[in-house]
Amino acid sequence: MMEKMIIGRYVPADSILHRMDPRSKLIIVFLFVCVIFLANNIWTYGILVLYTFLMASFSKIQARFLIGGLKPVLWLVLFTFFLHLFLTKEGAIILDLGWFKVYEEGLRQGIFISLRFFLLILITSLLTLTTTPIEITDGLERLLGPLKKVKFPVHELALMMSIALRFIPTLMQETDKIIKAQTARGVEYTSGPIKDRLKAVVPLLIPLFISSFKRAEELAVAMEARGYKGGEGRTKYRQLSWAVADTLMIVGLLFVTILLLVFRG
Amino acid sequence: MDISLKNVEYRYSADTPFERLAIKDVSIDIPSGSYLAIIGHTGSGKSTVLQHLNALLKPTKGAVVIGSREIKAGRKEKNLKGIREKVGIVFQFPEHQLFEETVEKDICFGPMNFGVSETEAKRRARDAIKQVGLSESILEKSPFDLSGGQMRRVAIAGVLAMEPECIVLDEPTAGLDPRGRKEIMDLFYTLHKERGLATVLVTHSMEDAARYADEIVIMHKGTVLKKGKPLEIFSNPEELLAHGLDVPEVLRFQMKVEKAFNTKFSKTCLTEDELTDVMADFLTGRVPR
Ligand SMILES: Nc1ncnc2c1ncn2[C@@H]1O[C@H](COP(=O)(O)OP(=O)(O)OP(=O)(O)O)[C@@H](O)[C@H]1O
Ligand SMILES: [Mg+2]
């Protein structure tokens, strides 16, 4: 049930994206998140879509799997689309059903904003699919390193993030296991009336919460038992190395940014 | 109600980069009222097989017949609740599935999902809690205030209260103390004998498999390596040992004695009593050396 989910999962492979330095990938995702707001017409959105698909093809991850894995999120994207379609009341009316009118601006907004949403999810998924949680953490810790000077808890933040990323798959497995156990006791998760399915959430969430709390406690004890005391004086076994490809990738995105600035309306 | 697996194959996460072939070409028959033990190394696919027995997993190839229903690969199935009512599964570490405020409510949860009335469910809860060897006073407690072993028993009671026709046990005694282990195993054996409850037991204990089962299936790397009556399985211990599997302690002892005296006893012994008789005969010379 949960096995097709790709959010937070890492797929080992040998691709350009996999080999990149996590810092450059993080910078690119961050820049992309900013740059995406520059797009405001068909041309600029087209450029972004092209860029994202190019990146996806660099990752060597099967398209079928990517799309299958994003399906659960597509519902959110669709929801965004309809929200804008129904609630925006500007521009010419393009569809009039009497009780309900679709405005030109609503359609435009709906398409653009849900597309923006989709691209953001795809790009961040590509980051986690091609970068191990530990690399992401290392990269983030290094990028935010300068903030340590102003007493910002960079190491702790990075640690929190890596723990969260690390336990997403575990949580999914656990969810799957408990769903199965309760299904065997007569709960229906995939069919039946909505009211019953909502009620079925309780027998799932409570065991899940309990095991998560237990796991958090065990993790804390295990960390303390091994003498963990924060990032002070800690050295790293894994070294990050910045290659030419990393610089080129960033230059690529900067180029896209210039194109966006030129073509935006 | 008979259950049978016909050339079942199952792939986890089919069509993704995580795809993993867990079992292939598995055919097992479980006639109603029988006791089947499945043994095999960790990762050999035992739990995967079990989940096919009440349609929690659908084969990616082959078919599973459960009573009058057939679950076939590549077909959408609806209304599986009827199957789940008849086949109860006790998962590995079933205590993780507890969630209600009181033990009683948790035990009643299964039966009531299958449409049993509240009074009847409560009656079953009282029965089941006694069967698993706990006192009725525990019914009012929160399941989370119990010890690990007690939680396990409550979880088992929750499945028993569904009054299935077939019960499927995935290492039900893992992590229990030796006495608790024996109590639980004896409980299931009694239910099997008295009520004719069909039982499927996954275990790492060759002793349990030899003692309780009518039929043993040995899984190896996702396939059925061997199946047969306990005597047939264990009469050729060398093959088991070659696959890194154990044989019952009694049999190991018998093999050592045979080796030391350079002889071969007339039969394969699976219980202490059998072995004592055979050895007494041998040592007193009633059987020629
Ligand atoms: N949810 C899952 N997703 C992917 N692969 C899985 C999943 N569950 C099991 N597997 C794989 O399927 C194979 C069989 O697993 P299974 O759990 O059936 O083994 P098992 O015989 O029950 O082992 P154990 O004795 O440790 O319980 C293993 O190789 C395992 O890695
Ligand atoms: Mg198992």
Side-chain angles (χ1 to χ4, degrees), chain A residues 1-6 9-15 18 59-71 129-130 169 172-192 196-197 199-215, chain B residues 11-20 47 50-51 53-57 76-101 105-116 121 142-144 151 155 158-159 161-162 164 167-168 170:
Chain A
M1 219 164 292
M2 313 291 293
E3 56 199 22
K4 288 219 164 73
M5 242 346 226
I6 58 167
R9 273 181 110 167
Y10 171 71
V11 182
D14 186 28
S15 76
H18 283 80
S59 73
K60 285 202 186 157
I61 291 168
Q62 300 167 13
R64 197 166 48 137
F65 169 65
L66 256 182
I67 294 171
L70 288 175
K71 237 186 231 156
L129 282 168
T130 62
M172 301 263 200
Q173 274 175 8
E174 196 100 338
T175 311
D176 193 52
K177 239 176 56 188
I178 296 171
I179 286 184
K180 278 180 179 162
Q182 307 298 23
T183 308
R185 294 212 280 167
V187 182
E188 293 195 77
Y189 285 96
T190 47
S191 56
D196 288 0
R197 278 205 250 175
K199 268 205 325 226
V201 170
V202 177
L204 170 63
L205 281 190
I206 292 181
L208 218 50
F209 268 110
I210 288 176
S211 69
S212 300
F213 282 127
K214 220 182 266 167
R215 187 166 301 117
Chain B
R11 292 171 191 272
Y12 281 102
S13 315
D15 302 330
T16 74
F18 307 105
E19 179 171 307
R20 188 171 180 132
S47 301
L50 289 193
Q51 290 171 44
L53 300 180
N54 74 347
L56 281 176
L57 293 181
K76 271 240 182 299
E77 298 290 343
K78 280 246 165 85
N79 280 323
L80 297 168
K81 225 167 153 174
I83 293 179
R84 300 198 171 123
E85 188 177 3
K86 289 186 183 138
V87 185
I89 295 201
V90 177
F91 281 91
Q92 251 166 335
F93 303 105
E95 51 273 28
H96 296 321
Q97 74 197 26
L98 303 178
F99 72 98
E100 281 283 16
E101 296 145 57
K105 276 191 189 166
D106 208 283
I107 299 179
C108 292
F109 179 70
M112 285 172 66
N113 278 331
F114 293 115
V116 169
S142 156
F144 303 108
M151 279 165 89
V159 177
M162 285 160 41
I167 193 157
V168 175
D170 198 348

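Here is how names work: the chains are called A, B, and so on, in the same order as the sequence lines, proteins then strands, and each is numbered from 1.
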* Asked: Counting heavy atoms not belonging to B/F144, are there more than 12 under 6.0 Å from its CZ?
  -> yes
* Structure fact -> Looking only at A/P203, A/P12, A/A13, A/A181, the option with the highest number of non-hydrogen pairs under 4.5 Å against chain B is A/P203
* Asked: Would one find more than 12 heavy atoms of other residues, nucleotides or ligands at under 6.0 Å from atom CD of B/E101?
  -> no
* To do: Residue by residue, scan residues 106-114 of chain B and write down, ordered by number, those that have a heavy-atom distance under 4.5 Å to chain A; if none do, write 'none'.
  => B/D106, B/F109, B/G110, B/N113, B/F114
* To do: Measure B/L57 against the heavy atoms of chain A and call it side chain, backbone, both or neither at under 4.5 Å.
  => side chain
* Asked: What part of B/E85 is in contact with chain A, defined as an atom under 4.5 angstrom from a non-hydrogen atom: side chain, backbone, both or neither?
  -> neither
* **Shortest non-hydrogen contact between A/P207 and B/H96, atoms and distance** => CB-O, 3.2 Å
* **Straight-line distance of B/K81 NZ to A/T183 OG1, nearest 0.5 Å** => 10.5 Å
* Structure fact -> Turns out that what part of A/I210 lies under 4.5 Å from chain B's heavy atoms comes down to side chain
* Structure fact -> Closest non-hydrogen contact found for B/F18 with A/F65 is CE1-CZ, 3.5 Å
* Structure fact -> Applying a strict 4.5 Å limit to non-hydrogen atoms, the region of B/Q51 in contact with chain A is side chain
* Report yes if some heavy atom in the side chain of B/F99 is under 4.5 Å from a heavy atom in the side chain of A/Q182; otherwise report no. => yes
* chain B contacts, top residue of A/I178, A/L66, A/V187 (heavy-atom pairs, under 4.5 Å) -> A/V187
* Go through A/E188, A/Q62, A/K177 and name the one with the most non-hydrogen pairs under 4.5 angstrom from chain B. => A/E188
* Under 4.5 Å between any side-chain heavy atoms of B/F91 and A/K180, yes or no? -> yes
